[in-house]
Amino acid sequence: MKIETQCLHEGYTPKNGEPRVVPIVQSTTYVYDSSREIAEVFDDPTKSLIYSRFENPTTDAVEKKIAALEGGAAAMCTSSGQAATLCSILNICQAGDSFIASTSIYGGTINLFSITMKRLGIECIYVDPDATDDEIQAAFKDNTKLVFGETIANPALTVFDIERFANIAHKNGVPLIVDNTFATPYLCRPIEWGADIVIHSTSKYMDGHAVQVGGVIVDSGKFDWTGGKFPCMTEPDESYHGTIYTEKYSFAPYIVKARMQLMRDFGCYPAANSSFLLNLGLETLPVRMKQYCENALTVAKFLESNDKVESVAYPGLESDKYHKLAEKYLPLGTAGVISFVIKGGRDTAAKFMDSLKLASNEVHVADIRTCILHPASATHRQLSDEQLVAAGINGGMIRLSVGLENVEDIIDDLKQGFAAI
Ligand SMILES: *Cc1c(COP(=O)(O)O)cnc(C)c1O
């Protein structure tokens, strides 16, 4: 099936007389005829449902759909994008380990990697996404367990060279994890370029309507964990009656381990109702993404031609530093988010933003409605000036998330904002 069809039909196929739409299974647990059958469920939890802290039929349908969209073997939903990022790392890193991350990633992820991971004894080594292969290679240590990057970085809008980073990661025997939130599987499928694990904040385009906070982790099922660096995957799990994930669950050992260990222990599973809403959003993902790309390119060109604007970052623009990479990885378009720097710095940016009537000031992005945010005083507020520069953020930078309104209305709103400064 093509992706438009997958969005509607993967994950749930009703049988004779069953509901057309995936039902909300609002139940904490599942009933079995005997304690022997429950014991069997524990022996192989991929066969039946145990408890809604780590699996639920509504969420399961969405997980199957997202795994199909990304071309992965299996997926696990989480209660937020942050939970997905956290679990994706902790699943294969422990105290004493390190991992490599691109500097150009979401501010919340930088916080998690630099502060919280450090407290857990895990070191994050940052590399510039534009560093040379040799510079990236030099960042590896013996204890390095993975490489992490973002397809289109929020909010710097750098495009991550997935294939190049995947090759370097694999040469070092570790997987590449890609946060594909802004691109969505409609615009880019990182697994096709060599990524091993894909994560998302589903709160953004996937849901699309700003009605649920959620995340997901997808396992390509392709990474070879048996090279010796990952005893957590290849040796018996004492907390799960001696299971060896790479042997028993070779189709997707990473995701089964994440569910049976991390989800069991952390309990960051989404509610069935949230998964229902996420599924509803996914059904229309392709039509929405097409229109976001079209609207945002029109708005980016308008901003680029405006003399009150110092610079525009939108990989869809031919003048953009990342346009070549965008042509390779994002041939259908580069989504709806634009970053631009207004002349006059922080105060002018505030005046401009406060003058807008249609675009709302809010801590969200990739919503169906146009919204706007000042990263330096909101999502990236906790970062030092140095970290801000590394993440590609300037004091006068505005993140504009172009919605699905008529693009002429969006541009008229921006025009009256410029007139006010
Ligand atoms: C928002 C976002 C996250 C965090 O997701 P939440 O659902 O807000 O927890 C992670 N990565 C990227 C790229 C994001 O935009």
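Every number for a ligand or one of its atoms is a count from 1 in the order of the listing. FYI, side chains are in, hydrogens and waters are out, and symmetry mates aren't considered; it's all heavy atoms of this structure.
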Grab the two heavy atoms, one from Ala73 and one from Ala67, that are nearest each other, plus how far apart they are. C-CB, 4.5 Å
Just need the protein heavy atom nearest to atom 6 (P) of ligand 1, so name the residue and atom and give the distance. Gly81 N, 3.4 Å
What's the shortest distance from atom 7 (O) of ligand 1 to any protein heavy atom, and which residue and atom give it? Ser203 OG, 2.6 Å
Using the ring pair (Phe, Tyr, Trp, His ring centres under 6.0 Å) definition, which of the options Phe99, Phe113, Phe165 pairs with Phe148? Phe113
Atom 11 (N) of ligand 1 [closest protein heavy-atom partner, distance rounded to 0.1 Å]: Asp179 OD2, 2.7 Å
With atoms numbered from 1 as shown, which atoms in ligand 1 lie under 4.0 angstrom from a non-hydrogen atom of Gln82? 4 (C), 5 (O), 6 (P), 9 (O)
Atom 4 (C) of ligand 1 [closest protein heavy-atom partner, distance rounded to 0.1 Å]: Tyr106 CE2, 3.5 Å
Counting each atom of ligand 1 from 1 as listed, which ones have a heavy atom of Gly214 under 4.0 Å away? 7 (O)
Among all the protein's non-hydrogen atoms, which is closest to atom 15 (O) of ligand 1, and how far away is it? Lys204 NZ, 2.7 Å
Cationic tip of Lys204 above Tyr106 ring, under 6.0 Å, 45° of axis: yes
Any donor and acceptor pair, going by atom type alone, linking the side chain of Arg288 with main-chain N or O of Gly281 inside 3.5 Å? yes
Examine Phe223 together with Tyr254 and report whether their ring centres are nearer than 6.0 Å. no
Within the 4.5 Å heavy-atom criterion, are Ile136 and Arg164 side-chain neighbours or not? yes
Which ligand 1 atoms does Ser80 reach within 4.0 Å, using its non-hydrogen atoms? 7 (O), 9 (O)
Ligand 1 N/O within reach of Glu150 N/O, cut-off under 3.5 Å: no
Rounded at 0.5 Å granularity, tell me how far CD in Glu63 sits from CD1 in Ile217. 10.0 Å
